[in-house]
Amino acid sequence: MDARPNDVGITPPTHPTPPTGDDFKTAFLRDPQTLKYYPALVLNADYRPLSYLPLSLWPWQDAVKAAFLDRVDIVAEYDHTVRSPTTEIRVPSVVVLKDYVKPQKRVAFTRFNLFLRDEFTCQYCSSKGDLTFDHVVPRASGGVTSWENVVASCSRCNLRKGSKSLKQCGFSLRRAPRQPASAELMNLGRKFPPNYLHESWMDYLYWDAELDA
């Protein structure tokens, strides 16, 4: 049974019930005001975020429950507290898993991962809005749907290119498409943080970045 913190007698902070799951993540990325719901940054056992995009966040209820179940260590906290009849704890702002979760080596070929690989930028004109995807070698000419033949493209370039080759339409690629490594997408995800980052998260988001000389 997936018990919530309230099932063990914890009194939540006084604020409206936050959304949970994917709705919570979507709302937080879109609206920085949802910081009032006290999301916790979730780190792997090596103190790196489980993911950067979307940023690995749990609602405060899940973070508290995981701490009670001894599945995480709390490494940073908000100033707000939650209470049970016998215990009062500060709401976690950063938690680290006690068991290491091995990252997947294979990157799924999805629209989102494709856009992330191409940094949400048209690979023909470098614009960043109204993106779709395009087959470099058109399917009408035998082109396949693969990492090596599909790129992010703005709608305008996609329409202009149509079923033509790059040479026929006078296009050139910003860089040759290829299958990205999982670590590569993780690093690219750092370039697209949420609109708001709590100060207690900062060291853990960038602690393993290379220092400038």
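Any value given below was found using the heavy atoms of this structure, including those in side chains, with hydrogens, waters and symmetry copies removed. When a residue number appears, it is its place in the shown sequence, counting from 1.
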Answer yes or no: are there more than 12 heavy-atom neighbours, outside E88 itself, under 6.0 Å from its atom CD?
-> yes
Over 12 non-hydrogen atoms of neighbours within 6.0 angstrom of CZ in R160 = no
Is there side-chain contact between [X] and [Y], with heavy atoms separated by less than 4.5 Å?
| X | Y | result |
| --- | --- | --- |
| Y52 | M186 | yes |
| D62 | V42 | no |
| D203 | V94 | no |
| L205 | P49 | yes |
| P39 | Y78 | yes |
| C154 | T132 | no |

Sub-3.5 Å donor-acceptor pair from the side chain of [X] to the main-chain atoms of [Y], do we have one?
| X | Y | answer |
| --- | --- | --- |
| Y38 | Q61 | no |
| S153 | N158 | yes |
| N149 | G143 | no |
| E77 | V75 | no |
| T121 | E119 | yes |
| D46 | R48 | yes |

Inter-residue atom distance [X].[atom1] - [Y].[atom2], 0.5 Å rounding:
| X | Y | atom1 | atom2 | result |
| --- | --- | --- | --- | --- |
| S126 | K128 | OG | NZ | 7.5 Å |
| L114 | Q123 | CG | CD | 8.5 Å |
| S56 | L43 | OG | CG | 7.0 Å |
| L116 | L185 | CG | CG | 5.0 Å |
| T81 | R90 | OG1 | CZ | 9.0 Å |
| D118 | R175 | CG | CZ | 5.5 Å |

Linking I/L/V/M/F/W/Y whenever their side-chain heavy atoms sit closer than 4.5 Å, directly or via other members, would L159 and V137 fall into one cluster?
-> no
Kindly determine whether V96 and Y204 satisfy side chain to side chain contact (heavy atoms under 4.5 Å, CB included), including the steps that lead there.
-> CA-CA 10 Å; V96 57; Y204 303 100; over 6 Å; no
Should the pair E184-R178 be classified as a salt bridge under the 4.0 Å nitrogen-to-oxygen rule?
-> yes
May I have all residue pairs that pass ring pair (Phe, Tyr, Trp, His ring centres under 6.0 Å) and include part of residues 91-119, sequence neighbours excluded?
-> F109-W147
If a pair satisfies salt bridge (charged side-chain N to carboxylate O under 4.0 Å, His left out) and one of its residues is in residues 129-158, list it, with sequence neighbours excluded.
-> D134-K161
What residue pairs, at least two apart or across chains, pass salt bridge (charged side-chain N to carboxylate O under 4.0 Å, His left out) with a residue in residues 96-116?
-> D70-K98, D73-K98
Test side chain to side chain contact (heavy atoms under 4.5 Å, CB included) on L41 and S93 and set out the steps.
-> CA-CA 6 Å; L41 175 65; S93 63; over 6 Å; no
Residues forming a side-chain contact (heavy atoms from CB on, under 4.5 Å) with Q168, sequence neighbours excluded | K164, S165
Which other residues end up in the same hydrophobic cluster as L69, if Ile, Leu, Val, Met, Phe, Trp and Tyr are linked when side-chain heavy atoms come under 4.5 Å apart?
-> none
In the hydrophobic clustering that connects Ile, Leu, Val, Met, Phe, Trp and Tyr at side-chain heavy-atom distances below 4.5 Å, which members other than V136 occupy its cluster, ordered by chain and number?
-> Y124, V151, L166, F171, L173
Which pair of heavy atoms, one from V95 and one from P92, lies closest together, and at what distance?
-> CG1-CB, 3.7 Å
